[in-house]
2 protein chains.
Amino acid sequence: MVEKWLEQLRKNGYRLTEARQAVIQVIVKSNYALTPFQVYEAARAQYPALGLVSVYRTLEKLEELKLIRRVHQDCGCNAYLPQAEGHQHLIICQKCGLACYFEGDDLEDLFTKVGADHGYEVTGHWLQLFGTCAECEQK
Amino acid sequence: MVEKWLEQLRKNGYRLTEARQAVIQVIVKSNYALTPFQVYEAARAQYPALGLVSVYRTLEKLEELKLIRRVHQDCGCNAYLPQAEGHQHLIICQKCGLACYFEGDDLEDLFTKVGADHGYEVTGHWLQLFGTCAECEQK
DNA sequence: GATATAATTGAAAATGATTTTCAATAGAAG
DNA sequence: CTTCTATTGAAAATCATTTTCAATTATATC
Ligand SMILES: [Mn+2]
Ligand SMILES: [Mn+2]
Ligand SMILES: [Zn+2]
Ligand SMILES: [Zn+2]
């Protein structure tokens, strides 16, 4: 997975630097939406010279390449998760933040109709579920 | 509508000041999500002495009282709309920003099931449609 | 492997949005 | 009208993010 992301960077003319590899390594397999600062802290364990600025710059490029996506929550909209394949939506645990994607919601037709009823041509939708994950539930 | 909001403020022990009335008057009937600064500019037409700080403070209270809600979009998450009655969702025009609520999506059961399949107890969801409104469409 | 070149870096400064501080003002209650 | 305190706007402070810039380093070429 790290390899795929690095390949994407290389393919787009970006250099494979230590800073970028440290950032990628932190976010590529995360099940939790991470803020730039959280990425910074975690990545510095592997590469202490890393600057927060480079985290911002790397996240920007990863988002551009659709490898990560910004996650919106009540508590803030500046955290990132790996982007899912195809058309998927998120479920996020309100207690611990554990995130997971699901697909097959098949709601396009419904949304197109709802929109039409209100005079809109629907071109996209945002859907996110909130709840409690199995682990947090049993506590 | 303005009266209802003022009554809500009064009922909760807040004073009915000129600053608050100017802010309310701008946002209470808006079909467009407005940023604090946009509210500030519009409200100053009615009450020129208004300070931006008071806009922030008033929006905070109106959100607390669930009279307005924050709207999330790709371009930013710091704009506000009047809150709809009951359980409704938004459709927003990507061209002009015209917002409108719809209800009756009846998806609770589907979401509960999807969540359960992934080990989550679903407690809420967040749905927003994007598209082109009738007026922008015909241009 | 050495060299040239431009992309990338981290530190520091700048920016922009929001929050806090504070003395002055003005609602509300008597 | 007077008292009391919530609220105000201006200015300062804070916080996240972006820009600037000289030094470094990844990559292509020799
Ligand atoms: Mn969908
Ligand atoms: Mn719903
Ligand atoms: Zn958001
Ligand atoms: Zn959890």
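Numbered from 1 within each chain, the chains take letters A, B, ... in sequence-line order. What you see is a predicted model, and the numbers here were worked out from it, not measured in a lab.
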Distance in angstrom units between [X] [atom1] and [N] [atom2], rounded:
{"X": "B:Gln38", "N": "C:dA17", "atom1": "CD", "atom2": "C1'", "value": "14 Å"}
{"X": "A:Glu63", "N": "D:dT17", "atom1": "CD", "atom2": "C1'", "value": "14 Å"}
{"X": "B:Gln21", "N": "D:dT8", "atom1": "CD", "atom2": "C1'", "value": "14 Å"}
{"X": "B:Lys61", "N": "D:dT8", "atom1": "NZ", "atom2": "C1'", "value": "11 Å"}
{"X": "A:Leu50", "N": "C:dT8", "atom1": "CG", "atom2": "C1'", "value": "12 Å"}
{"X": "A:Leu6", "N": "D:dA26", "atom1": "CG", "atom2": "P", "value": "13 Å"}
{"X": "B:Leu59", "N": "C:dT19", "atom1": "CG", "atom2": "C1'", "value": "14 Å"}
{"X": "A:Arg70", "N": "D:dA16", "atom1": "CZ", "atom2": "P", "value": "14 Å"}

>> Using heavy-atom distances to pick each residue's nearest nucleotide on DNA chain C, tell me which of B:Phe37 and A:Leu52 is more 5'.
In response: A:Leu52
> Toward the 5' end of DNA chain C, which comes first, A:Tyr47 or B:Glu60, by nearest nucleotide?
Replying inline: A:Tyr47
> Quick one: does B:Ile92's side chain get under 4.5 Å of B:Gln73's, heavy atoms only?
Replying inline: yes
> Between A:Lys113 and A:Asp109, is there a salt bridge with N-O shorter than 4.0 Å?
Replying inline: no
> So A:Trp126 and B:Trp126, would you call those rings parallel, tilted or perpendicular, with 30° and 60° as cut-offs?
Replying inline: tilted
> How would nucleotides 20-30 of chain C be written as a contact map, 5' to 3', with B for base contact, S for sugar-phosphate-only contact and - for no contact, using protein heavy atoms under 4.0 Å?
Replying inline: BB----BBS--
> Taking the side chain from B:Gln25 and the backbone from B:Ala22, do they hold a donor-acceptor pair closer than 3.5 Å?
Replying inline: yes
> For A:Ala19 and A:Leu50, which heavy atoms make the closest approach, and how far apart are they?
Replying inline: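 Distance-wise, the nearest heavy atoms are CB-CD1, 3.6 Å.
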>> If the cut-off is 4.0 Å, is B:Asn78 near the phosphate of C:dT18, judged by side-chain N/O to OP1 or OP2?
In response: yes
> Is the CD atom of B:Glu135 crowded by more than 12 outside heavy atoms at less than 6.0 Å?
Replying inline: no
> Do any pairs count as a ring pair (Phe, Tyr, Trp, His ring centres under 6.0 Å) and have a residue in residues 17-39 of chain A, sequence neighbours left out, and if so which ones?
Replying inline: A:Phe37-A:Tyr40
